[in-house]
Every structure is written in structure tokens, then in C-alpha cells.
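Please read the structure below before turning to the comments.
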Protein chains: 2
Amino acid sequence: MPTPHPGTPVRGSTTGRPIMAAMDLFGRRWALRVLWELRAGPLGARALLARCEGMSSSVLYQRLRELMASGIIAPSADGYELTPLGAALSPALRSFHEWANTWAQAQEADALKEPLTQSGGG
Amino acid sequence: MPTPHPGTPVRGSTTGRPIMAAMDLFGRRWALRVLWELRAGPLGARALLARCEGMSSSVLYQRLRELMASGIIAPSADGYELTPLGAALSPALRSFHEWANTWAQAQEADALKEPLTQSGGG
DNA sequence: GAGATTGTTTCGAAATTCGAAACACACCCG
DNA sequence: CGGGTGTGTTTCGAATTTCGAAACAATCTC
């Protein structure tokens, strides 16, 4: 399970197109979440574990290694922090966040339209 | 492994914050990739399998079920297609794509700075 | 130097994904 | 109608990934 790099074949694509390498990297459990938690500033390993309920430390360190190898995060005095490259992901994460809110609204709308789980919807 | 929904506890968060549900959903292998492949228009299951080298059909159908349950994709006459909600992910995917290109450039720059794997860099 | 806090690794168990094969259904050709 | 071909989908054992809990190391406090 090598860390994907742009320009190198990855799982899902032999071409090494950067977007494919990125999707291999971020399609791993907790990878996006770790970046999300680091967006506001550095955090230590145990702080990250505390914020990501259910993440096991073995996976955290696996992800940290991968993200460091990718140049997205780096160790700092206060734990781990986004590098400039990692910070460049912020627009994408923000866009993601906005979409998630749209999603939530759509689900609420659906719930109103389909009160089928209750007998006497009103 | 229930399909995550905004407003409902998911792996990694009991709060059900939409962004957490989204990260649970998209942090599964091939999920982002399937959306990426569908961004330009509908594709059938076998076409998706062909585009995603190495994806097994069992996982494809698992992801398709989850994405349908989430209202992100829907069956169409030509296979599967993004719903309006799914299409709303395009800005995020595009932003992601741009970042991946930045990443690739950063890696090229690094390669020039550290010709340590060759004895007589030049 | 004992206790508390954080960083990190280890390892068996559980969950996920792979990989290949099979079944079902429609379509086309003769 | 009978046989190929192409697509959609499910199944199941093997391989990989993640979980979960524990342990060890290093730092800081008192």
C-alpha cells in the first residue's frame, strides 16, 4: 500500500495522473478527516485521536506518514500542521463543506416529502 | 456499514454534522472516483468498471447503492448519472483537480531540488 | 523518581476490498 | 426458435485494511 504520488501509477490508474493519485490518497479512511481537523492550525497526535472518534492510532499514524510523504502535512512544534501545499487544499475542503450543507438541506426536504415512516404524518 | 446521512451519527462522529457524514461516505475506496467518472455524463456499470482499473464489481455496486441511497446518483436510461445534488459536487471536484495539479508541480520542483537518488545529478 | 501527558508501535480480531466466476436479461443474427 | 454477444448484478473465498486495546518511550511536573 505505497503512498500515491502524482506521476506514478497508483491503485486505479496506471497513468499517474495527479487527480488519480489524489483520489487514491484521499479515498483512504480518515485521510480527509485528518486534513479537516488540521485546517485551523496544528494539532498533536493525541488531539487528533480525540477529535476523530473511532479512529485507531495505528491508522492515524499510517495516514500521518502518507500525508507527510506527500508533502501535505509536516511535523511542527505543536504537533502536525498543513504545509503550504496542504493549505492549498482549503478551497476544496471548503467547497466540500458547502456541498455537505446542501446535502443536509436536500435530505430535510426529502423527509418532508416522504413521511412514510410515520403512520399519521401531519 | 450503513450509508451515512447528514443528521445521523456516522463513523467518526456522533453529531451527524453533514461534513462528517460526507467524509465517511467519500472516504470509502472508489467513491470519489466513481463521481469523477460520472461528472461528464451517464455511464453504465461495465463502463465504470473499465474506467476504474482494479475496481472490483462487488465494490462498484456497493458504492452505487450508497451513492443512490444518498441521492447523489440515480439510474438513468444510459446507466448511472449524477442527480442535481451530485452535480452540485462539481465545484468541489474541480477544486480538487486543480489542487492535484498543484501537487504534481510541487513534486516536480522537489525532484529538481533533491537529486539525491542519482550520483551525478545534472 | 513517581505520576501524568503525549508520541508511537505492536498485534490479533473484525471489517472492507479484491478477483474471478457465475447468473439473469436483452439484443442481434440466421 | 437457437446461439452468440454485451450489459447488469450477485456471490464467495482470499487478501488487504482498519479496529481496538495494550504497551513502550520520552517529556514535564511536583
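Bear in mind that the values here come from a model prediction, so they are computed numbers and not experimental data. A, B, ... follow the sequence lines: proteins, then strands. Residue 1 opens every chain.
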Quiz item: So Y80(B) and L60(B), side-chain contact (heavy atoms from CB on, under 4.5 Å) or not? Walk me through it.
Solution: CA-CA 12 Å; Y80(B) 296 89; L60(B) 171 60; over 6 Å; no

Quiz item: What is the distance from CD of Q62(B) to P of dC12(D), rounded to the nearest Å?
Solution: 15 Å

Quiz item: Should M55(B) and L49(B) count as side-chain neighbours, where that means a heavy-atom distance under 4.5 Å?
Solution: yes

Exercise. Mark yes or no for whether T102(A), through its side chain, and E98(A), through its backbone, hold a donor-acceptor pair below 3.5 Å.
Key: yes

Exercise. Measure from CZ on R29(B) to C1' on dA15(D) and round the result to the nearest Å.
Key: 13 Å

Exercise. Mind telling me whether W99(B) and F26(A) have parallel, tilted or perpendicular rings, with 30° and 60° as the class edges?
Key: tilted

Self-check item: Atom pair CZ (R11(B)) and CE (M23(B)), whose distance is rounded to the nearest 0.5 Å
Solution: 14.0 Å

Practice problem: Answer yes or no: side-chain N or O of S57(B) and base N or O of dG19(C) forming a donor-acceptor pair under 3.5 Å. | Solution: no

Practice problem: Using heavy atoms and a sub-4.0 Å distance, could you list which residues of residues 38-52 of chain A are near DNA chain C? By number, please. | Solution: G44(A), A45(A), R46(A)

May I have the list of side-chain donor-acceptor pairs in residues 66-79 of chain A shorter than 3.5 Å, sequence neighbours left out?
{"from": "E66(A)", "atom 1": "OE1", "to": "R63(A)", "atom 2": "NH1", "distance (Å)": "3.0"}
{"from": "E66(A)", "atom 1": "OE2", "to": "R28(A)", "atom 2": "NH1", "distance (Å)": "3.1"}
{"from": "E66(A)", "atom 1": "OE2", "to": "Q62(A)", "atom 2": "NE2", "distance (Å)": "3.2"}
{"from": "E66(A)", "atom 1": "OE2", "to": "R63(A)", "atom 2": "NH1", "distance (Å)": "3.1"}
{"from": "S70(A)", "atom 1": "OG", "to": "E66(A)", "atom 2": "O", "distance (Å)": "2.9"}
{"from": "S76(A)", "atom 1": "OG", "to": "D78(A)", "atom 2": "N", "distance (Å)": "3.1"}

Practice problem: Write down the distance between CE (M55(A)) and C1' (dC19(D)), rounded to a whole number of angstrom. | Solution: 12 Å

Quiz item: How long is the line joining CG of D24(A) and P of dT16(D), in whole Å?
Solution: 15 Å

Quiz item: Can you check the R28(A) CZ to dT16(D) P distance for me, whole Å?
Solution: 14 Å

Quiz item: Can you check whether Y61(B) has a side-chain N or O nearer than 4.0 Å to OP1 or OP2 of dT10(D)?
Solution: no

Exercise. For the pair I19(A) and F96(B), evaluate side-chain contact (heavy atoms from CB on, under 4.5 Å) and give the outcome as yes or no after the intermediate values.
Key: CA-CA 8 Å; I19(A) 182 68; F96(B) 212 44; 4.2 Å; yes

Self-check item: Polar side-chain atom of R33(B) near backbone of R51(B) as donor-acceptor pair, under 3.5 Å
Solution: yes

Quiz prompt | Distance in angstrom units between R11(A) CZ and dA15(D) C1', rounded | solution = 12 Å

Quiz item: Of the residues in residues 63-75 of chain B, which ones touch DNA chain C at a heavy-atom distance under 4.0 Å?
Solution: R63(B)

Quiz item: Rounded to whole angstroms, how far apart are CZ on F26(B) and P on dT16(C)?
Solution: 18 Å

Exercise. Take atom CH2 of W30(B) and atom P of dC18(C), then tell me their distance rounded to the nearest Å.
Key: 6 Å

Exercise. Would you indicate what G79(B) reaches in the nucleic acid, counting non-hydrogen atoms under 4.0 angstrom: base, sugar-phosphate, or nothing?
Key: nothing

Quiz prompt | Check: A87(A) main-chain N/O paired with S90(A) side-chain donor or acceptor under 3.5 Å | solution = yes

